[in-house]
2 protein chains.
Amino acid sequence: MSRSSSRKASAAVSAARPRPGVAPLRGAAEGMSIAGVAEQAGVSVATVSRVLNGHENVRPATRDKVLAAVDASGYRVNELARNLRTAESRLLLTMVPDVGNPFYAEIVRGIDSVARQHGYFMLLCDTGADPGRERSYFDLLRRRRADGAICLDPATIQQALGETSSALPWVACCEFDPAMGVPYVGIDNYRAAGDAVRHLLARGHRRIGLINSDVDYLYARQRQQGYLDALSAAGITPDERWRMNLNSLDYEAGASAAATLMNQPQAPSAIFAVSDTLAIGVIHGLRSVGKRVPDDIAVVGFDDISLAAQIDPPLTTIAQPMRELGETAARLLLQRLANPLANVPGVLLPHRLVIRGSA
Amino acid sequence: MSRSSSRKASAAVSAARPRPGVAPLRGAAEGMSIAGVAEQAGVSVATVSRVLNGHENVRPATRDKVLAAVDASGYRVNELARNLRTAESRLLLTMVPDVGNPFYAEIVRGIDSVARQHGYFMLLCDTGADPGRERSYFDLLRRRRADGAICLDPATIQQALGETSSALPWVACCEFDPAMGVPYVGIDNYRAAGDAVRHLLARGHRRIGLINSDVDYLYARQRQQGYLDALSAAGITPDERWRMNLNSLDYEAGASAAATLMNQPQAPSAIFAVSDTLAIGVIHGLRSVGKRVPDDIAVVGFDDISLAAQIDPPLTTIAQPMRELGETAARLLLQRLANPLANVPGVLLPHRLVIRGSA
DNA sequence: TTGAAAGCGCTAACAC
DNA sequence: GTGTTAGCGCTTTCAA
């Protein structure tokens with residue numbers, strides 16, 4: 001828009017100083033381009049580029065001249081230009097439904113660390129489960145703003161599968177369907193949920209409630225099935241009134257769900273919540289209706305966010321290897337980018353039951 | 001580093017198709033550029049560009065032709081090229097010390113929402129308080145990868161002030177020095193801390209502990225001064241043993257600090273922690289040494305993250321308008337980008353004491 | 001080992 | 001209203 005004048009002007013300035021010898025000392029920043037550095041160093045732009053990119057075939061003396069000029073001018077490569085030329089943005093998109101959820105935060109850290117190790121930056125997008133936003137993020141890929149994407153948002157994934165996005169360079173993390181033809185990393189949700197329920201069973205509970213998210217999501221269905229089958233295997237017929245499906249993982253959602261669940265005859269004596277945030281809310285909700293945990297009601301969560309160990313009582317939960325989940329997702333994506341043809345495998349990471357005070 | 005080979009191949013492919021005449025019908029995606037669309041629509045690239053950018057001076061019929069061609073080809077603008085041409089990346093960098101901290105997460109949401117409203121995307125960077133990473137992020141600005149930055153990391157800010165970064169387009173959020181010549185948004189930390197202490201005083205406490213972060217940080221010094229002055233004003237001589245400085249805001253840090261604090265004669269009867277995460281850890285730590293909150297020890301936190309209301313006992317805390325903090329920071333930055341010369345003001349947002357069960 | 005020059009795909013003068 | 005064309009700043013042939 002209003003850019004041409006200033007930039008042009010400064011370019012002119014540097015062009016207007018063919019003064020040999022002493023560097024004109026025009027401080028750092030702005031106007032300086034690779035051409036200016038070349039001029040100051042008395043070499044061609046090609047040579048400057050070679051030095052900047054660490055190519056071997058440059059005479060040490062030449063290299064030093066260039067480096068000196070770069071130093072003196074405070075030049076920084078314009079990655080906008082570099083990106084166009086090399087046709088890559090070196091940006092990885094990460095889509096999460098909610099940055100505020102500690103579970104996602106830790107995964108995001110894992111992604112970020114691997115990405116940075118490989119010279120990529122991470123563009124974090126909070127979809128807020130908003131379909132409009134969700135769709136537009138995949139477009140970032142098509143518009144070359146990002147080289148690849150990692151999606152953690154179940155809703156987005158459901159939607160992506162329905163569209164033509166399978167050709168795009170992305171991987172699924174935590175929420176996935178092995179049949180979907182997109183690389184993924186996650187855990188065995190079915191077994192994990194079963195492990196949680198079996199723990200409760202072993203503690204003598206027979207009436208076990210399930211506070212789940214929307215069964216539109218794969219992971220929710222998998223965990224529900226794990227819950228159901230574990231109950232059946234113990235000879236218990238699951239009561240439908242013990243189950244609730246929420247469209248949020250917020251603390252508040254868990255709190256009110258717990259209150260609702262307790263407000264019925266034959267209320268459960270234990271609750272399995274599919275997320276620690278939900279479970280923490282559940283404990284709060286239970287307390288608000290006068291129930292003590294674990295004495296009156298046992299609670300098991302899912303994820304093992306760092307907070308789980310801090311609350312009262314400390315939360316018994318299924319630990320997911322969050323950091324590794326993120327790191328693996330990033331590696332899978334990088335692999336796919338490096339070799340678009342090779343088919344990248346799906347990977348399942350181990351989970352683990354962590355027994356603390358709540359159940 | 002290893003980025004040359006693959007790219008070369010694809011460039012060659014598209015370059016090898018100067019075939020004139022009938023559009024090769026090469027479906028959607030890949031190779032398609034604005035020139036291809038122009039050809040299919042039978043117009044010039046300039047016209048396509050005009051349509052794409054919503055310029056008015058295009059005949060409806062022409063516009064339709066172009067749109068049809070865009071549709072048929074599945075063309076998406078290459079923003080790499082656009083960015084170079086317009087000399088802006090439309091990316092805003094946000095630097096936080098820790099994405100996992102719910103306090104920052106909420107602010108980040110505020111930034112993201114304003115950014116997106118204005119056609120920018122947010123590049124989130126977790127500095128992890130690592131000086132190396134910190135420094136490299138400001139370089140993103142110099143390399144034109146981001147148009148501007150919002151910094152939430154105290155350590156990074158301290159360092160940025162020492163360097164020549166004041167010329168860069170960035171704003172400070174939460175941590176700031178009015179004298180630093182960089183736009184900022186935050187709260188009145190001095191008064192806020194005073195309010196917390198006065199609340200405790202009003203509840204009859206005389207021995208009030210302070211669990212603070214590193215006094216290298218401006219906000220930490222401001223809150224400490226607020227604490228000290230409030231105590232003095234009440235005729236109390238602050239005991240140095242009541243104060244602790246931590247280099248982390250993690251739950252664990254708060255927990256162990258609390259244990260340490262209690263492990264001395266004349267231990268405080270109340271604790272003011274400068275962050276809710278710390279305060280939650282404190283409550284946990286207190287419990288682990290057999291102290292009950294608030295009966296034995298009162299606890300006041302700072303921030304009012306959503307979790308504060310959920311724990312047992314619910315946390316009394318100083319609420320910061322997190323969402324607004326983020327939104328304001330983004331607006332300040334956008335303002336600065338729109339008009340680099342105008343001097344953007346510093347803004348202070350109101351805080352508020354939220355009284356719950358812990359004190 | 002170095003330089004000249006051809007673009008990457010787009011926008012915006014400037015003509016017509 | 002529409003087309004022609006000149007770059008944006010960089011990387012990478014290709015030739016010397």
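Order of the sequence lines fixes the chain letters, A, B, ..., with proteins taken first and strands second; residue numbering starts at 1 for each chain.
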- Side-chain touch A/V43/A/V66, heavy atoms, less than 4.5 angstrom: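 Answer yes - side chains close enough.
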- B/T94 side chain to B/L124 backbone, donor-acceptor under 3.5 Å: no
- Does B/D126 use its side chain to pair, donor to acceptor, with the backbone of B/V99 at less than 3.5 Å?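 Checked: pair present.
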- Want to settle it: does B/A81 or B/R63 sit nearer the 5' end of DNA chain D, counting the closest nucleotide to each?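 Between the two, 5'-proximity favours B/R63.
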- Check the angle between the aromatic planes of A/F138 and A/W170 and answer parallel, tilted or perpendicular using the 30° and 60° thresholds.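 A/F138 and A/W170: perpendicular rings.
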Ignoring the backbone of [X], work out which of [options] is nearest its side chain.
{"X": "A/V58", "options": "C/dT2, D/dC10, C/dA12", "answer": "C/dT2"}
{"X": "A/V43", "options": "C/dG7, C/dG3, C/dC10", "answer": "C/dG3"}
{"X": "B/N78", "options": "D/dT4, C/dG9, D/dC10", "answer": "C/dG9"}

Could you tell me whether the phosphate oxygens of [N], OP1 or OP2, come under 4.0 Å of any side-chain nitrogen or oxygen in [X]?
{"X": "B/T86", "N": "C/dT11", "value": "no"}
{"X": "B/R59", "N": "D/dT2", "value": "yes"}
{"X": "A/S33", "N": "D/dC8", "value": "no"}
{"X": "B/S44", "N": "D/dG3", "value": "yes"}
{"X": "B/N57", "N": "D/dT2", "value": "no"}

Interatomic distance where [atom1] belongs to [X] and [atom2] belongs to [N] [whole Å]:
{"X": "A/L80", "N": "C/dG9", "atom1": "CG", "atom2": "P", "result": "16 Å"}
{"X": "A/R76", "N": "D/dG9", "atom1": "CZ", "atom2": "C1'", "result": "17 Å"}
{"X": "A/R82", "N": "C/dC8", "atom1": "CZ", "atom2": "C1'", "result": "15 Å"}
{"X": "B/R144", "N": "D/dC8", "atom1": "CZ", "atom2": "C1'", "result": "11 Å"}
{"X": "B/N83", "N": "D/dC10", "atom1": "CG", "atom2": "P", "result": "15 Å"}
{"X": "A/N53", "N": "D/dG9", "atom1": "CG", "atom2": "P", "result": "17 Å"}
{"X": "A/L84", "N": "D/dT12", "atom1": "CG", "atom2": "P", "result": "12 Å"}
{"X": "B/I34", "N": "C/dC8", "atom1": "CD1", "atom2": "P", "result": "14 Å"}

- Query: Would you call A/D139-A/R145 a salt bridge at under 4.0 Å N-O?
  - Reply: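 No, this pair does not count.
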- DNA chain C: A/A46 or A/E56, which has the more 5' nearest nucleotide?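 Upstream on the strand: A/E56.
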- Message: At less than 3.5 Å, do the side-chain atoms of A/R50 and the base atoms of C/dG3 form a donor-acceptor pair?
- Response: yes
- A/S49 near the nucleic acid: base, sugar-phosphate alone, or nothing, with a heavy-atom cut-off under 4.0 Å?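 It contacts base atoms.
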